[in-house]
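In what follows, a structure is listed as structure tokens, so that the remarks can point back to it.
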Amino acid sequence: MSGLYMLVGTLIALGVLVTFHEYGHFWVARRCGVKVLRFSVGFGTPLVRWHDRHGTEFVVAAIPLGGYVKMLDEREGDVPPEQLEQSFNRKSVHQRIAIVAAGPLANFLLALLFFWFVAMLGSQQVRPVIGAVQEGSLADVAGLRAGQEIVAVNGEATSGWAAVNLQLVRRLGESGVLDLRVTEPGSTLETPKQVQLDNWLRGVDEPDPIGSLGIRPWRPALESVLAEIDPKGPAYAAGLRTGDRLLALDGESLADWQDLVDRVRALPGEAVTLRFERDGQAQDLQLTLASRGEGEARSGYLGAGVQGVEWPPEMLREVRYGPIEGIAEGMRQTWAMSLLTLDSLKKMLFGELSVKNLSGPITIAKVAGASAESGLGDFLKFLAYLSISLGVLNLLPIPVLDGGHLLFYLVEWVRGRPLSERVQGWGMQIGISLVIGVMLLALVNDLSRL
């Protein structure tokens, strides 16, 4: 079923986002009097095609990795004299800017629509209550303690752990003060806390913002009885089975499952002794933990999981908005995620954020499947995030992307005449090289995660 969710989720995501992006170009081109020859979703062999009364050919093609809108243009072939006024290249620079910018803007509008719907749909969130603080950690030095609830990060209210994590991600690779506001158990009085950052998680491949502060979120106690085993993990290789109860690690008794998780994460690549109970008999087992991540984010991995339990109602909150409030929330989310995407690209460029965080089609497909499987709200959020990424990336001033064309037209607007075809040709070659290079890097990152 997971494979089916991944396939269907990916096709829906690409189909919706590409269609909406290209429709933005199409809609504005029509309003500017440009004749659209073809509207294609996908590349390669057409699977379905039809024509409208304006003579535009609509195509759904076999390779669903993009799309395009082909317009009448003298630079791409002969144009009959009676159709010259419908040619894209004959339109004013302002109209051409509007047509090119319409695609990315359509993606931002689509993201706003998804966020608005999710805001009205509502979601159940886990209150960001601290379960434990690692001794000597950044959080410990700042005075954070178990039982406190994080109500704001950098001045932004945090209704759940996802919101906390999002605000922390914005500070990756930075130095300075991280401002938090917390409340004590049973109190609504907010207390400010300051965490000192120094090139925090700079260049780390798989950063864990909350964990790296030394914070462990509160969770209900879980018995350390194995319910699932990763067939590629150390637990499976060592012979552990579902139903085994883990009792001790390296001779020290385990309080609960989270205790084991915390201790395993601190021992990447280490040989350990596990004491477990099977069929009423206690046994000892030696195994070597796997390692995940690099640098400060490097952690141990056992490859086993336990059955979840119900959360106490007081640790959950329902977050829902009305139709009008939802619009404001959708705009806020769209703006915040757009800024985060731009900031992340800048940090990758300057080495503050590892380029290994760049994801390609394989990772996108996996996340599409996982979000589709977890519910409508999560899938719509994923579509919104992906739509924003598509909009931001297309606006980068790189020739072959919409942003590159916008750059050429803005220069033409300022100069009063376009750049020479030779200069534009050089720009296109550089742009193609950059885009191919980034795509290959993202694909390599994807393959390294398999």
Side-chain angles (χ1 to χ4, degrees), residues 10 13-26 38-44 61-71 73 75-76 88 96-97 99-108 110-111 337-338 340-351 353-365 367-368 385-412 418-449:
T10 302
L14 293 177
V16 170
L17 301 189
V18 169
T19 300
F20 215 80
H21 177 94
E22 299 305 334
Y23 186 77
H25 294 309
F26 170 82
R38 175 181 285 186
F39 183 115
S40 178
V41 177
F43 300 106
I63 306 174
L65 296 178
Y68 63 92
V69 172
K70 184 179 181 181
M71 305 175 205
D73 196 316
R75 297 168 298 179
E76 297 182 5
F88 175 81
R96 281 178 278 145
I97 287 174
I99 292 169
V100 171
L105 291 179
N107 284 121
F108 294 123
L110 184 62
M337 290 306 302
S338 299
L340 178 61
T341 303
L342 275 173
D343 188 51
S344 298
L345 290 172
K346 183 212 74 171
K347 288 181 176 179
M348 285 186 193
L349 187 63
F350 290 98
L353 195 62
S354 172
V355 294
K356 290 188 177 180
N357 288 287
L358 195 65
S359 297
I362 298 175
T363 299
I364 291 173
V367 177
Y385 296 149
L386 195 58
S387 190
I388 287 171
S389 297
L390 185 60
V392 170
L393 292 174
N394 266 283
L395 283 176
L396 294 178
I398 299 174
V400 311
L401 299 179
D402 291 331
H405 294 298
L406 284 175
L407 178 63
F408 287 153
Y409 296 147
L410 288 172
V411 171
E412 178 183 344
L419 292 169
S420 68
E421 289 188 9
R422 185 170 66 171
V423 171
Q424 292 191 45
W426 288 344
M428 296 294 278
Q429 290 178 7
I430 294 172
I432 291 172
S433 299
L434 284 172
V435 170
I436 291 176
V438 171
M439 290 175 64
L440 288 175
L441 175 60
L443 184 58
V444 168
N445 290 344
D446 278 359
L447 295 174
S448 68
R449 297 185 185 110

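Computation of the quantities below employed the complete heavy-atom set of this structure, encompassing side-chain atoms and omitting hydrogens, waters and symmetry-equivalent molecules. Keep in mind the model is a prediction, meaning the values are calculated, not measured.
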Inset, instruction - Would you give the length of the straight line joining atom CG of Leu407 to atom CG of Leu395, rounded to the nearest 0.5 angstrom? - result: 12.0 Å
Legend entry - Minimal non-hydrogen separation, Phe408 against Pro399, with atom names: CZ-CG, 4.0 Å
Inset, instruction - Mind listing the closest non-hydrogen atom pair of Phe39 and Thr19 along with its distance? - result: CZ-O, 3.8 Å
Legend entry - Main-chain N/O of Ser354 paired to Asn357 side chain as donor or acceptor, under 3.5 Å: yes
Inset, instruction - Nearest 0.5 Å please: distance from the CG atom of Leu353 over to the CG atom of Leu345. - result: 9.5 Å
Inset, instruction - First locate atom NE2 of His25, then atom CG of Leu105, and finally report the distance between them rounded to the nearest 0.5 Å. - result: 9.5 Å
Inset, instruction - Check for a donor-acceptor pair, side chain of Ser40 on one end and backbone N or O of Gly67 on the other, with a separation under 3.5 Å. - result: no
Inset, instruction - Could you go through the side chain to side chain contact (heavy atoms under 4.5 Å, CB included) check for Leu401 and Leu393 one step at a time? - result: CA-CA 8 Å; Leu401 299 179; Leu393 292 174; 5.6 Å; no
Inset, instruction - Apply the side-chain contact (heavy atoms from CB on, under 4.5 Å) test between Leu443 and each candidate in Ile362, Thr363, Val438; give the one that qualifies. - result: Ile362
Legend entry - Minimal non-hydrogen separation, Leu386 against Ala13, with atom names: CD2-CB, 4.3 Å
Legend entry - Interatomic distance, Tyr68 atom OH to His21 atom NE2 [nearest 0.5 angstrom]: 14.0 Å
Legend entry - Minimum heavy-atom distance between Ala61 and Gly42, given as atom pair plus value: CB-C, 3.5 Å
Legend entry - Gap separating the CD atom of Gln424 from the CD atom of Glu412, nearest 0.5 angstrom: 8.0 Å
Legend entry - Worked verdict on Ile364 versus Thr10 for side chain to side chain contact (heavy atoms under 4.5 Å, CB included): CA-CA 8 Å; Ile364 291 173; Thr10 302; 5.6 Å; no
Legend entry - Closest heavy-atom pair and its distance - Ala111, Ser387: N-OG, 4.1 Å
Inset, instruction - Please report the closest heavy-atom contact between Met428 and His405, naming both atoms and the distance. - result: CE-CE1, 4.3 Å
Legend entry - Criterion ring-ring contact (aromatic ring centres under 6.0 Å, His included) on Phe20 and Tyr23, from CA distance to verdict: CA-CA 5 Å; Phe20 215 80; Tyr23 186 77; 7.1 Å; no
Legend entry - Asn445 side chain vs Val355 backbone, donor-acceptor pair below 3.5 Å: yes
Legend entry - Ile388 CD1 to Leu110 CG distance, which is reported to the nearest 0.5 Å: 9.5 Å
Inset, instruction - Evaluate side chain to side chain contact (heavy atoms under 4.5 Å, CB included) for Gln429 paired with Ile432, printing each intermediate quantity in order. - result: CA-CA 5 Å; Gln429 290 178 7; Ile432 291 172; 5.9 Å; no
Inset, instruction - Compare all side-chain heavy atoms of Leu342 with those of Lys346 and state whether any distance is below 4.5 angstrom. - result: no
